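Report on the structure given below.
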Amino acid sequence: MANYQHLHDWNLSPTEAVILQNQLRTQVRIQPLTTTPKTIAGCDISFNKFEETVYAGVVVIDLETMETIEEAGVVSTAPFPYIPGLLSFREIPSLLEAWAKLTIEPDVVMFDGHGTAHPRRIGIASHAGLFLNRPTFGCGKSVLVGKYEEPALERGSWSPMTHYKDVIGAALRTKNKVNPVYVSPGNLIDLETAIALTLQCDGGYRIPEPTRRAHNLVNALRKGEKVM
DNA sequence: GCGACAG
DNA sequence: ATCTTGTCGC
């Protein structure tokens, strides 16, 4: 079972959650990787509108072959509603349950959402990184905070996202002439490496493979097309 | 005060 | 996020 550090409980009110984020943000470390990752994990959750049940899953991919080498999923319940800026309090608990079922310890983890591209610089990728104790980064489909200049239309082009003068992430083109994705470091990684890994996980779609496969997994779980 | 607002 | 068919553009 893949392990993680239980830094704190999750039964908090929105106000307490914001206070906690302001305390935890001091623990986030943006830095280059110390070793070359061999495996990467993608995470996501799915749910039926108006229902409390959530389907969480993690997919582990071999960075060399881009083959899925392990999948883990759970049916759980979200203890928190979706509130912009507090996504981690809704998704991380169930994702950790799925994570615990892995037999492999992924070298780096990609999240469907942001890392430092967050009002308090601690989006789901950064917050989860503190629990997982390994490099994490976010790759979101839309912006939460920050501004950026439209990057060139060619795959691989990117431009920095800024918020109050801070460079918090990048708008990255993963496919020619297709809307960019928003990449930002979570913890124990830097922006340049997060961008490189996102491009390395190309499968021909706008959404990189880790997130795309995790999304397919949890949707199959939700529709009963998959049992774990 | 008004508008924006990851999934 | 989820609910859904067709349709515009390369």
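Just so it is clear, the structure is predicted and the values come from calculations on it, not from any experiment. Below, read A as the first sequence line, B as the second, and so on, with proteins coming before strands; counting in each chain starts at 1.
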When we call it a touch if two heavy atoms are under 4.0 Å apart, what does [X] touch: a base, just sugar-phosphate, or nothing?
{"X": "A/G123", "result": "base"}
{"X": "A/H127", "result": "nothing"}
{"X": "A/I92", "result": "nothing"}
{"X": "A/I124", "result": "base"}
{"X": "A/G138", "result": "nothing"}
{"X": "A/V143", "result": "sugar-phosphate"}
{"X": "A/N176", "result": "nothing"}

Do A/Q31 and A/D190 make a side-chain contact, defined as non-hydrogen atoms from C-beta onward lying under 4.5 Å apart?
no
Is A/Q21 close to A/R121 at the side-chain level, that is, under 4.5 Å between some pair of heavy atoms?
no
Whole-Å gap separating [atom2] ([N]) and [atom1] ([X]):
{"X": "A/Q21", "N": "B/dA6", "atom1": "CD", "atom2": "C1'", "result": "12 Å"}
{"X": "A/L95", "N": "B/dA6", "atom1": "CG", "atom2": "C1'", "result": "14 Å"}
{"X": "A/I122", "N": "B/dA6", "atom1": "CD1", "atom2": "C1'", "result": "14 Å"}
{"X": "A/D44", "N": "C/dA1", "atom1": "CG", "atom2": "P", "result": "7 Å"}
{"X": "A/E51", "N": "C/dC3", "atom1": "CD", "atom2": "P", "result": "10 Å"}
{"X": "A/K49", "N": "C/dA1", "atom1": "NZ", "atom2": "P", "result": "12 Å"}
{"X": "A/E52", "N": "C/dT2", "atom1": "CD", "atom2": "P", "result": "16 Å"}
{"X": "A/D112", "N": "B/dA6", "atom1": "CG", "atom2": "P", "result": "12 Å"}

Is the aromatic ring of A/Y82 within stacking range of B/dG7, meaning centres under 5.5 angstrom and planes under 30 degrees?
yes
Look at [X] and [N] and indicate whether a side-chain polar atom (N or O) is within less than 4.0 Å of OP1 or OP2.
{"X": "A/H215", "N": "C/dA1", "value": "yes"}
{"X": "A/S46", "N": "C/dT2", "value": "yes"}
{"X": "A/R121", "N": "B/dA6", "value": "no"}
{"X": "A/S88", "N": "B/dA6", "value": "no"}
{"X": "A/H114", "N": "B/dC5", "value": "no"}
{"X": "A/K141", "N": "C/dA1", "value": "yes"}
{"X": "A/N219", "N": "C/dT2", "value": "yes"}

Nearest to the side chain of A/E91, which nucleotide is it out of B/dC5, B/dG7, C/dC3?
B/dG7
Cation-pi geometry met for A/R134 and A/Y4 (6.0 Å, 45°)
no
Is the positively charged end of A/R212 above the ring of A/Y205, judged by distance under 6.0 angstrom from the centroid and angle within 45° of the axis?
yes
Toward the 5' end of DNA chain C, which comes first, A/R222 or A/K177, by nearest nucleotide?
A/R222
Working for ring pair (Phe, Tyr, Trp, His ring centres under 6.0 Å), residues A/H127 and A/F111
CA-CA 11 Å; A/H127 195 160; A/F111 286 83; over 10 Å; no
Over 60° means perpendicular and under 30° means parallel, so classify the ring planes of A/W10 and A/F89, tilted if in between.
perpendicular
